[in-house]
Every structure is written in structure tokens, then in C-alpha cells.
A.B. asks: 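Structure provided below as C-alpha cells; questions to follow.
In this text the structure is predicted, and so the values were computed from the model without any measurement. Residue numbers count from 1 along this sequence.
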Amino acid sequence: MDPVVAGAKRRRSLSGPVELRLITVDGPKAVAWGLRAHCSLSSGARGCTNRAVADRYAVSRRVGVSLPVGGGIRSVVQLGDIEVAARPLAAFRPLIGDERHAWLEAAATRTRTLLDGTVVWNVSSTSSGGGVAEMLHVLVGYIRGTGIDTRWVVIEGDLPFFVITKRIHNRLHGIPGDEGALGRAEAKYYADVTAANAAVLCGRLRPGDVVLLHDPQTAGLAPLLRDAGARVIWRSHIGSDTVNSWTEEAWGLLRPYLASCDAFVFSRRAYVPTWVPPVRVSIIPPSIDPFSAKNQAIPDEDLPAFLARIGLTSGPTDRPATFRRGDGTPGEVVRPATIVSEDGYSEALGNLVVQVSRWDRLKDMHGVMAGFASHVVGRVDAQLALVGPSPEGEMDDPEGAAVLAECVAGWAGLPAAARRRIRIVTLPMDDVEENAAMVNALQRSATAIVQKSLAEGFGLTVAEGMWKGKPVVASRVGGIIDQVVPDTGILLDDATDLEAFGDALVALLERPDEVVRLGANARRHVLEGFVGDRHLLQYAALIERLFTA
């Protein structure tokens, strides 16, 4: 039986000088997502075995600095400016109390005085589709709310560039990824693309400006920005607790660029390479925004309307599924998800287990599905939803469509009883806040949250699930260890042991009182350590050190 693929399949167009052709899913076969790009630097976009994937990265610009694109095609760079509305710090007061709020206001005053008109730039590789972009939408807004001139720009690259940076990303996690090379040709290509982006940004900087570069995609900009007189901070959101040949290879490519940085930020101490001067290092774990569309409260009686709008249940669609946007205006969930299921809608979900992740092999969505099918189905009444963004919204991750296709193909090969209990849900990215509201509703509708990652830089979806008062069953890897402390959830010692994963999930779901107790503890733990005021205070301390050293 063919899977039922519910939801709209739409082709999107972008306004302005960008002309970008996107993959769409046509017809009932969800395995159409299996388009995979295999590119070599010698042939670039024309070396992709799938034309549609290559076209997805065929970008033409009318103005900017010349950028080399694989296959001899020429393009030009025009950094994307991301508009973020200012947010008031006063919003934190009812949640964190007067004392914590007073510390936050005092730090904002000191930082504003130190900067004295200096611009703080954030540079990333995407404005949507991952935790880094989500945090920037929040933190940039709150910093703007203090009167500090803060801006956010997104670099450009073509498919070969993002294949290289994905390879670097995987190896910083200690795994080979696609096992392709990171040799001289790749290093030169990376240098050429980042230099083209740096040239555009240098034309906008003033001496003394502060630039926060986020993750490997942007590290190559550091020397040129430093030469232009900027104070440069590199923020790594990923890493590995252990050192091996793969981590050494990735750091070997990045290290020459990072030597010129004034400061470094890592999510965990274990991720800091030995060659980084300790005096330049700040450890700042990520945080959630409790007021965002992803984390704001949703009344229990409103959740059925959200699930029906998403397309997960056959509940009422005539009731509004509304949320509050970051600028205070109302929003509504109106776009359906694309859902792969055996029988379309469900009338009731019962014990819903949810994993929300990017379509990334390190998140092991396929393993979650296999473990649930083999070791949960038939033992306890539960359903699984694997939830991720539409691959069209993840322009810096060329593996997303292929990973999603592998999950769909794996689902199709499951026994019918398992297929009836498992849904693969891809959420539209046309409106990032609507997408976030969908995630919020799905997590709040869950009995338990799963994050069975094979490796993890931090994994903020864990804290997001805990904030909703849900216990988490997760891998004992990376930053998840810092979030799931005793009596807040269950940590799996071996992420590849599917039987142990299933046993842990079944044992939890069979004890409703324990679900409630762990969930309440989880929310308290997030409030104490992973809310945005703490994050802002740590960045204020970093700026103070940078300006007074």
C-alpha cells in the first residue's frame, strides 16, 4: 500500500534579486524526497547526479561581489539582512522575578554604555530551519530592545560550499559524514566563498564593530573582518566530547581562520580545542525564549484545533489555532503539514511520542522509528510522530531531503501494525513562526519527548520539550547531558541500542504518575538554567571582557 501523503505541495518563489528554484514533491510517492546530491568540486553543480537538487542551488544575483560557483558558473554575493523586531526585557519580569530582572537591566545598561554606538553584527548561514537561527531571532530582538544597534546577516554559498561545510559540521561531531575529502581543493573552495562574503561585509563595517560569527560556515570570514578593524567572536554551536581523526581534520581546516579571533564561545567546555587560549573562551549554553511561538502557553482546550490544522487528527478545523508573534501581533496556523501515514487522519492519538529534529543523520530519526516499531508497538498504547522541517527551508543542509527520503523508505518497509502507529511529519517553513507554533502544539500534545541523537552539539529541542512539562527520553551525548539531569527524564547510555530505547520508553509510558512528576521537575530545571535572561547576561559579560581587557 502506498503511504498517504497529506498536505499541500507548493512551489515557493522569493522576491527581490534572488532567483532560486526549489525542490517540490509531486505525486503520491513520498520517496520523491529521495533526491540526493553528489557533487564534486571539479564539476560543481553540474556534477550533481540529480538535476533538481543542483537547480535548488542555482542562484543568480544582480549586484554584489563575484562568487565562484562549481562548473564555471559565476554568481555574486549579496548578504541577506534579517529583520528582527525589538523585544522588551520587561517581559521576563513576571517569569524570573524582580531580582533576576534587576540583574538583567543592570547588565543591559552597562553594555549599552560600553558599546557607545558600536554595531554588533551576527553572521550565520541561514535564517530558518535550525536552532541557531531560532536563537538569533530571539536574542537579536531582546538586544535591540535595550537600544543597542544589533544586526543579523546571512552569508551566501552554492551547493559545493554547503556540501563542504556539512562535512566539516559532521567531523566536528567526530564522524565522517559523507566520507568525502577535506583536502586542498575543498579548503580553497571554502576560502574563496567565505572571502567573497567577507568582502561584502567589510564594506559595511566600521572599525571597532563587534562581529559574532556562528558555526563553521562563517569561520573563514574572521581574518578579513579582523583586518577591517572589527572585534571578532566565533561562536561554535557544535562539538565533540572526544578527539579523533575526524575532529582533527575539521579543526585543521578551520584553525588558520580562527587564530585571529578576539574571543570564542562554546556550548560546553569539552568542545574547546586545546589550541584555543583559555583566556579567550566563554562557555555559554543555548537558551529558550519562553514567550516565542514555539514555547508560549497554549490552553489544553485549544490543542485539538492545532492538531487538526496540522493534519494529524480529524478534529475540528473550524476553530482557530492562534498564537502570538514576536512583535505582539496575532498569528494563526493555516498551512497543513505533509504527513506520511498508513491511514491518513487519526481520531485520537492516545500516548503520543514526539521527536522534533532537523532531517540530519546525527538525529537518528530512522533509528527512533525502528526502535519504536520493534520494541514499543504491541507493548503499550502509543503513537510516534517524527517531526521535521520541510527540506526546502534548510538551504544550508544539502542532506536534509535524502535523510527524509530514507525515513520514508524505512517506514514503507515496516509491518502494517507499526506503520499504523508511526507518522512522518514535515512542517512548512513558509512562515517560521507558524512553523514554531506547530512544534509547540505537537510537543504540548505529547506524553513524552524523544531525542535519540547519535551526536549532539547541545540539542535545545530537549529543553523546549522539558519547558512544556514533558519527560524526555534521550541519548547521553553532548549538551543533552547538561539538560536531562536526574529526575527530569531518562538518559540512554547507548544511542544505538534500540531495545534499551524501547524498554525505557515503555517503562515510562506505563507509569502515568511518573510522567507527570518528571515533567514538572523538567520545567523547573529549564526555568532555573535555560531561559533567555541567563543567556543575555553571559553575552553581556563577554562584551564587557572584550572592551575592558
Side-chain angles (χ1 to χ4, degrees), residues 14 16-20 41 44-45 56-70 73-83 119-130 132-133 136 140 150-169 182 185-207 209-237 250 253-262 394-398:
L14 303 177
V18 185
E19 296 176 8
L20 185 60
L41 291 182
R56 177 182 177 186
Y57 288 87
V59 180
S60 63
R61 297 280 187 177
R62 288 200 291 266
V63 297
V65 174
S66 183
L67 168 68
V69 178
I73 305 169
R74 302 297 295 183
S75 185
V76 292
V77 171
Q78 180 181 356
L79 296 177
D81 288 273
I82 309 304
E83 295 299 324
V119 179
V120 178
W121 299 82
N122 283 274
V123 185
S124 70
S125 62
T126 182
S127 63
S128 64
V132 176
L136 285 176
V140 170
T150 305
R151 307 176 194 179
W152 176 14
V153 297
V154 173
I155 65 169
E156 275 195 13
D158 62 347
L159 176 56
F161 174 75
F162 286 122
V163 168
I164 292 167
T165 58
K166 183 67 175 182
R167 196 171 294 160
I168 296 170
H169 170 276
L182 276 183
E186 289 75 19
K188 183 179 186 304
Y189 205 90
Y190 175 87
D192 289 345
V193 174
T194 54
N197 281 277
V200 177
L201 185 54
C202 283
R204 301 175 61 182
L205 290 175
R206 296 177 299 183
D209 280 357
V210 177
V211 182
L212 282 88
L213 302 174
H214 293 268
D215 274 341
Q217 298 93 328
T218 67
L221 283 69
L224 291 173
L225 300 183
R226 189 69 176 81
D227 289 345
R231 296 178 175 94
V232 179
I233 303 168
W234 186 63
R235 204 311 184 202
S236 176
H237 297 269
L253 189 150
L254 296 178
R255 182 175 178 178
Y257 302 105
L258 299 176
S260 58
C261 290
D262 297 281
E394 297 186 285
M395 298 309 297
D396 66 333
D397 189 353

A.B. asks: Any idea which heavy atoms bring S260 and A222 closest together, and the distance?
C.D. replies: OG-C, 3.7 Å

A.B. asks: A side-chain contact here means heavy atoms from C-beta on lying under 4.5 Å apart; do L182 and I164 qualify?
C.D. replies: yes

A.B. asks: Search all heavy atoms of A191 against all heavy atoms of Y257 and return the closest pair with its distance.
C.D. replies: CB-OH, 3.1 Å

A.B. asks: Can you name the nearest heavy-atom pair linking A198 to L225, along with the distance?
C.D. replies: O-CD2, 4.1 Å

A.B. asks: So which of V193, T126, V123 actually passes side chain to side chain contact (heavy atoms under 4.5 Å, CB included) with I155?
C.D. replies: V123

A.B. asks: Is there a side-chain contact between T194 and F161 (heavy atoms, below 4.5 Å)?
C.D. replies: yes

A.B. asks: Within the structure provided, determine whether I168 and Y190 are in side-chain contact (heavy-atom separation under 4.5 Å).
C.D. replies: yes

A.B. asks: Spell out, as yes or no, whether a donor-acceptor pair under 3.5 Å connects the side chain of W234 to the backbone of D215.
C.D. replies: yes

A.B. asks: Looking only at non-hydrogen atoms, find the nearest pair between P223 and G220 and report the distance.
C.D. replies: CD-O, 3.5 Å

A.B. asks: How long is the gap from CG on D81 to OG on S127, to the nearest 0.5 Å?
C.D. replies: 11.0 Å

A.B. asks: Go through it in stages, so that I can follow the logic: the residues are V211 and L221, the test is side-chain contact (heavy atoms from CB on, under 4.5 Å), and I'd like the CA-CA distance, side-chain angles, deciding distance and then a yes or no.
C.D. replies: CA-CA 10 Å; V211 182; L221 283 69; over 6 Å; no

A.B. asks: Would you mind reporting whether V119 and R204 have side-chain heavy atoms less than 4.5 Å apart?
C.D. replies: no

A.B. asks: Can you confirm whether R167 sits close enough to L253 that some side-chain heavy atom of one is under 4.5 Å from a side-chain heavy atom of the other?
C.D. replies: no

A.B. asks: Look at the side chain of N197 and the backbone N and O of E156, then say whether any donor-acceptor pair between them is shorter than 3.5 Å.
C.D. replies: yes

A.B. asks: What's the separation between atom CG in L136 and atom CD1 in I82, rounded to the nearest 0.5 Å?
C.D. replies: 9.5 Å

A.B. asks: Looking only at atom types and distance, does a side-chain atom of D209 sit under 3.5 Å from a main-chain N or O of A230, one as donor and one as acceptor?
C.D. replies: no

A.B. asks: So which atom in H214 and which in Q217 form the shortest heavy-atom distance, rounded to 0.1 Å?
C.D. replies: O-OE1, 4.2 Å

A.B. asks: Identify the heavy atoms of Y189 and P160 that sit nearest to each other, and give their distance.
C.D. replies: CE2-CB, 3.9 Å

A.B. asks: To the nearest 0.5 Å, what is the distance between CZ on R235 and OG on S124?
C.D. replies: 13.0 Å

A.B. asks: Donor-acceptor pair, D262 side chain versus V232 backbone, under 3.5 Å?
C.D. replies: yes

A.B. asks: If you measure from CH2 on W121 to CZ on R206, what distance do you get to the nearest 0.5 Å?
C.D. replies: 8.5 Å

